[in-house]
Amino acid sequence: SIMRKPMSFFDSTKSGDIISRLSSDCDMVSRSLVSTQLSMGLRSIAQSLAAVGFMYHLSATMTLAALGVLPVAALGAAAYGRFVRRLSRRVQDAMAKATSTAEERISNIRTVRIFNAERMETQAYADRVQKIFALARKDAFAQSLFFSSASLVG
């Protein structure tokens, strides 16, 4: 933990560098699930296009009838998009709070040390990071629910 580093570390390392590293870690937590989801989404699109092509080859009429479900799926996708947009804002707000917490604590490390509050301040930051992870997990669950229902419909 950064709070347990010796004072010489804080004297020789700029607080901006430390904050940047912490922000990067938070960003990685929130994006680690996204890269997996992106590849799954692209794979689903490719599979859907191949399936529609194969269906059209077998029966154009049946394909057009099956594609009649697309407007319903589009409504679901629009609702999902709004949900993801709100959730993304919440993730950004949580990251900003975590960064702000870290910056404030690291900038005032001498005061934190005087009051022997390293553990409390570390826990406050850990709570902020945990909130980011919980939001990312909620996003991953929503994406898996959306893609599985889209696969079921299409």
Side-chain angles (χ1 to χ4, degrees), residues 1-5 9 13-107 109 112 118-154:
S1 171
I2 291 177
M3 290 297 188
R4 294 189 193 120
K5 297 274 187 190
F9 171 79
T13 308
K14 295 179 183 177
S15 61
D17 292 341
I18 298 169
I19 300 305
S20 176
R21 289 180 190 159
L22 290 172
S23 296
S24 176
D25 290 348
C26 286
D27 190 46
M28 280 195 281
V29 166
S30 69
R31 292 181 189 267
S32 64
L33 297 174
V34 174
S35 62
T36 303
Q37 293 164 354
L38 180 62
S39 67
M40 286 175 44
L42 291 174
R43 186 183 70 205
S44 295
I45 289 170
Q47 287 174 338
S48 297
L49 290 174
V52 168
F54 184 69
M55 287 170 48
Y56 187 79
H57 176 69
L58 291 177
S59 171
T61 307
M62 290 275 281
T63 303
L64 294 175
L67 291 177
V69 178
L70 281 181
V72 175
L75 290 174
Y80 171 72
R82 286 190 298 276
F83 172 77
V84 168
R85 203 169 316 128
R86 284 192 306 268
L87 191 58
S88 293
R89 281 191 210 114
R90 289 177 60 196
V91 167
Q92 287 176 343
D93 291 344
M95 288 177 69
K97 286 180 183 177
T99 301
S100 175
T101 298
E103 182 179 18
E104 182 180 321
R105 282 12 179 237
I106 290 171
S107 296
I109 189 66
V112 170
E118 294 96 331
R119 186 175 297 165
M120 182 179 72
E121 299 301 347
T122 300
Q123 187 59 48
Y125 181 73
D127 291 344
R128 302 275 191 203
V129 172
Q130 188 61 34
K131 173 134 181 149
I132 294 167
F133 184 73
L135 290 169
R137 188 175 41 220
K138 187 175 185 178
D139 180 48
F141 178 75
Q143 282 195 2
S144 64
L145 184 65
F146 173 75
F147 284 120
S148 63
S149 64
S151 295
L152 184 65
V153 170

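Annotation for R128 and T101: closest pair NE-OG1, 3.1 Å, computed over non-hydrogen atoms. Shortest non-hydrogen contact noted between Y125 and A102 is CE1-CB, 3.7 Å. Nearest heavy-atom pair, D139 versus Y80, reported as atom, atom and distance to 0.1 Å: OD1-OH, 4.3 Å. Heavy-atom minimum distance, F83 versus A142: CE2-CB, 3.4 Å. Residues V112 and E118 come closest through the heavy atom pair CG1-N, 3.8 Å.
Between the CG atom in D127 and the NZ atom in K97 there is a gap of 12.5 Å [rounded to 0.5 Å]. For the atom pair CG of L135 and CD of Q130, the computed distance is 10.5 Å after rounding to the nearest 0.5 Å.
Between the side chain of S107 and the backbone N or O of E104, no donor-acceptor pair lies under 3.5 Å. Not one N or O on the side chain of S100 forms a donor-acceptor pair closer than 3.5 Å with the backbone of A96.
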